[in-house]
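Inspection log for the structure reproduced underneath, given as structure tokens.
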4 protein chains.
Amino acid sequence: MSPSPERRRELLSTAAEVFAAQGYNATTVRRIADEAGMLAGSLYYHFDSKESMVDEILSTFLDELWAGYEAVLGAGLGPRETVEALVTESFREIDRHRAAVAIYQKESKHLSAQPRFGYLTESQRRFERAWLGALERGVAEGVFRADLDIRLAYRFLRDTVWVAASWYRPGGQHSPEEIARQYLSMVLDGITPRERQERP
Amino acid sequence: MSPSPERRRELLSTAAEVFAAQGYNATTVRRIADEAGMLAGSLYYHFDSKESMVDEILSTFLDELWAGYEAVLGAGLGPRETVEALVTESFREIDRHRAAVAIYQKESKHLSAQPRFGYLTESQRRFERAWLGALERGVAEGVFRADLDIRLAYRFLRDTVWVAASWYRPGGQHSPEEIARQYLSMVLDGITPRERQERP
Amino acid sequence: MSPSPERRRELLSTAAEVFAAQGYNATTVRRIADEAGMLAGSLYYHFDSKESMVDEILSTFLDELWAGYEAVLGAGLGPRETVEALVTESFREIDRHRAAVAIYQKESKHLSAQPRFGYLTESQRRFERAWLGALERGVAEGVFRADLDIRLAYRFLRDTVWVAASWYRPGGQHSPEEIARQYLSMVLDGITPRERQERP
Amino acid sequence: MSPSPERRRELLSTAAEVFAAQGYNATTVRRIADEAGMLAGSLYYHFDSKESMVDEILSTFLDELWAGYEAVLGAGLGPRETVEALVTESFREIDRHRAAVAIYQKESKHLSAQPRFGYLTESQRRFERAWLGALERGVAEGVFRADLDIRLAYRFLRDTVWVAASWYRPGGQHSPEEIARQYLSMVLDGITPRERQERP
DNA sequence: GATGAATGAGAATTCATTCAT
DNA sequence: GATGAATGAATTCTCATTCAT
């Protein structure tokens, strides 16, 4: 019962757009079907349920995300470069999967209560480990400030990055790499001028 | 219909807690009533509708918020001090109105589509003006970096601050002022060490 | 959420009647509501689901049935008298709970697949034990024929009795006791004449 | 639409099995198709509708049944021998058409409400006439007990026989003839011992 | 003969809301 | 002020059926 993967992908893309715009709960199956030019019932030829749609949207996104993250984490970079690469990779994911990221942001908290979405919690934990690790190493090596509250900094970075999905529009004037650079500049060096910028 | 204001406030506080925890749409009137120890129908003695509950929650919060903000904005502070004061004030609001802030974060986008919630859009605009103003002045006066993308920095600050409502728990180990200080330290000076820290 | 037991009982009685007449699956909640003079949704004020309606119908019936059966089984009767009393009791139950019995007959097989209806299987086992026990003792004591295939005889009795629910109409010309007597006469003595009837 | 009769028969046999196991209403066309190794839509090359499937299953069965019954009824047997032959024939039909019999038992009542299935009602009437005739003649000739309530006895026999379809499994240890003999023994002579068994 | 993709008419269920008591 | 019992509209989902390929 899972024919033509292309059609599925199209429909999932439509669904993701609507979920991101209106929220998962507030989105009716009928609305998705309208957007896809079919009747509500017809969606059930392709998917088991509304839930399985978000499921597929989120898990597909997270699989890709982790492929990118793992590449970064396995590259043997220093802590500062790791943070830079993770942030850049994140903005690239936002660029590619804006809708999925927005859904992840808004819905993962209550979705993860269900066993089916256990992988969300799991992913969050991996996420935390990756970031905290980089930050800790950075502090130890003196490339990040010693007075940093690591957990606070982690939340700060995490939120700062992902929240961008709520306003970012792909194809805008800034490339994801450009936005990443600006974010990093603020995060790493702050918004006040440094006497001597180490990155001119 | 002439209910006591105290009872209303109690009920709104209960409602806010549930809205924040589960989301506005996902929250049933019955759930609120359960939490308040009454039956769903009984809430309608106090309120016109579920919508009027969020309405009152949000507008009460925004009124207080703007009272605080206006005090800051009218105090004739320099741009850096203005930013510091706005951030601190924001964390204080999060401390006092955590639930309302969380609701505002999650729901304002789709609620503001309705005329009734026009004040949300209005508030957002004032918000933007206040922050952008401070940032621009800061850049002009040289207390903020000249290479800053002002709009990006605005979003960065705004999101960074409010998103905290999603994890902040009042009565925790850090006071709002303490959290504000740490956030500001990161935002202003960055997470990498400065050769000469101007705030030792 | 389970108010006024009288209303519940009325509604369950209505529901049972419809379930018995049309079958559980073929009965729509709307049909039950129509019959009860309300809208479909209103039933959900009283019951969780269609399923919980049959559940309550069947378990209430079985509770009463077993109260009657246990009285018989605990009375220390001989095997023939036990069989007579069980049959009579069964027809009394059909008289009182015709609809429930009909539902039990038609639906228990597929309902018992669900964990929630495990008690149906359990009940069936107790049932079997009670009847088989009486038949075995009867054969051992010589009051039932020695050449009897006990399991076949059990099925024969069981089906014979319960199937009556499909045509029996309470308030007809025969009382349940009268029908029981006739059934027993056929079952015990057969439909051919005995040379010397031991029950003249 | 000119499909091969053999394929039809195979498909109908599959369908009958599923209908018998799950009930007509509860059986989806998709389930039948699954079992037959095709897609739901493909069944419509062979059959007009789900309804026409049961129709063909039941009418085929009844045609065969009546062929057997007519042979018995036209053989000029005495009433007791007629009853014996009808019962035996019935168990043979159960052996051959277990699924169809089970469907007939469970569904004929509500199917017969539709004009298309008028032949079910018709068949039932013929059925009743055949059995009542044999019983009446038997009572008149003194081979059945004079105190018999004929209609009750009829129902008793009818149900007793057909209900067996719900537990009978072809290819089990008892042949249909063997089961018929045991049933007849119980029905004719009762389950209590006779002083002088006339059939040793 | 069969598939893939749809349709459209319900189905059960949920829920904000109403209102007589 | 609150309860009990409803309403009615919307929602997700199911399924027999159709039909171009």
Side-chain angles (χ1 to χ4, degrees), chain A residues 1-4 6-8 11 25-33 36-53, chain B residues 1-4 7-8 11 24-33 36-53, chain C residues 1-4 6-8 11 25-33 36-53, chain D residues 1-4 7-8 11 24-33 36-53:
Chain A
M1 194 247 230
S2 55
S4 138
E6 311 125 49
R7 191 76 178 105
R8 281 176 80 84
L11 293 170
N25 277 313
T27 297
T28 69
V29 159
R30 189 157 166 270
R31 181 68 207 282
I32 299 172
M38 49 169 42
L39 291 179
S42 308
L43 279 174
Y44 289 81
Y45 178 74
H46 301 276
F47 305 99
D48 282 350
S49 62
K50 183 181 162 186
E51 209 180 75
S52 78
M53 290 188 225
Chain B
M1 189 180 287
S2 57
S4 86
R7 192 82 178 98
R8 282 176 80 82
L11 292 172
Y24 173 70
N25 276 312
T27 298
T28 69
V29 164
R30 192 158 167 289
R31 180 67 208 281
I32 299 171
M38 49 171 41
L39 290 181
S42 309
L43 279 173
Y44 288 79
Y45 178 78
H46 302 276
F47 305 99
D48 284 350
S49 63
K50 182 181 163 186
E51 209 179 73
S52 79
M53 291 188 226
Chain C
M1 193 244 234
S2 55
S4 139
E6 312 125 48
R7 191 78 178 103
R8 280 176 83 83
L11 293 171
N25 276 313
T27 298
T28 70
V29 159
R30 190 157 166 270
R31 181 68 207 282
I32 298 172
M38 50 170 39
L39 291 179
S42 307
L43 279 174
Y44 289 81
Y45 179 74
H46 301 276
F47 305 100
D48 283 349
S49 62
K50 185 180 161 186
E51 207 179 76
S52 79
M53 290 188 224
Chain D
M1 191 180 286
S2 56
S4 85
R7 192 81 178 97
R8 282 175 81 83
L11 293 171
Y24 173 70
N25 276 312
T27 298
T28 69
V29 164
R30 194 160 167 289
R31 180 68 208 282
I32 298 171
M38 49 170 45
L39 290 180
S42 309
L43 279 174
Y44 287 79
Y45 178 77
H46 301 277
F47 304 100
D48 284 350
S49 63
K50 183 181 164 186
E51 210 179 72
S52 78
M53 290 188 226

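Residue numbering restarts at 1 for every chain, and letters A, B, ... go by the order of the sequence lines.
At whole-Å resolution of the value, CD1 in C:I32 and P in F:dA6 are 15 Å apart. Distance CZ (B:R8) to C1' (F:dG1): 14 Å, rounded to an integer number of Å. The CG-P distance, from D:D48 to F:dC19, rounds to 13 Å in whole Å. If you measure from atom CG of C:N25 to atom P of F:dT14, you get 14 Å, rounded to the nearest angstrom. Nucleotide E:dT18 holds its P atom 15 Å from the CZ atom of B:F47, rounded to whole Å. Across the protein-nucleic acid pair, C:R31 atom CZ and E:dA12 atom C1' stand 17 Å apart, rounded to whole Å. Atom pair C:M38:CE and F:dG8:P shows a separation of 12 Å (rounding to whole Å applied). In this structure, B:L11 atom CG and F:dG1 atom P are separated by 10 Å, rounded to whole Å.
Map D:A40 and B:V29 each onto its nearest nucleotide of DNA chain E; the residue landing nearer the 5' end is D:A40. Closest-nucleotide positions on DNA chain F for B:L39 and C:L43 were compared, and the one nearer the 5' end corresponds to B:L39. Nearest-nucleotide mapping onto DNA chain F: of B:G41 and A:A26, the residue sitting toward the 5' end is B:G41.
Between D:R7 and E:dA2 there is a side-chain polar atom (N or O) within less than 4.0 angstrom of OP1 or OP2. Taking side-chain N and O atoms only, A:Y45 has a distance below 4.0 Å to OP1 or OP2 of E:dA5. For C:Y44, no side-chain nitrogen or oxygen approaches OP1 or OP2 of E:dT14 to under 4.0 Å. The phosphate of F:dG4 (OP1 or OP2) has no side-chain N or O of C:H46 nearer than 4.0 angstrom.
Between D:K50 and D:T27, the closest heavy-atom pair is NZ-O, 2.8 Å. Taking each heavy atom of D:A36 and D:R7 in turn, the nearest pair found is O-NH2, 4.3 Å. Counting all heavy atoms, side chain and backbone alike, B:H46 lies closest to B:R8 at O-NH1, 2.7 Å. Considering all non-hydrogen atoms of both residues, A:Y44 and A:S49 come closest at CE2-CA, 3.8 Å. The heavy-atom pair separating A:N25 from B:A26 by the smallest distance is ND2-CB, 3.6 Å.
Using N1 to N3 plus N6-O4 or O6-N4 for Watson-Crick, or N1-O2 and O6-N3 for G-U wobble, each under 3.5 Å, E:dT18 pairs with F:dA5.
Across all strands shown, A:S42 has heavy atoms under 4.0 Å from base atoms, whether or not it also approaches the sugar-phosphate. Looking at heavy-atom distances under 4.0 Å, D:T27 makes contact with sugar-phosphate atoms alone, never a base.
The listed nucleotides are E:dT7, F:dT17, F:dG8; the one nearest the side chain of D:K50 is F:dT17.
For the C1' atoms, the distance linking F:dT21 with E:dG1 amounts to 13 Å, nearest Å.
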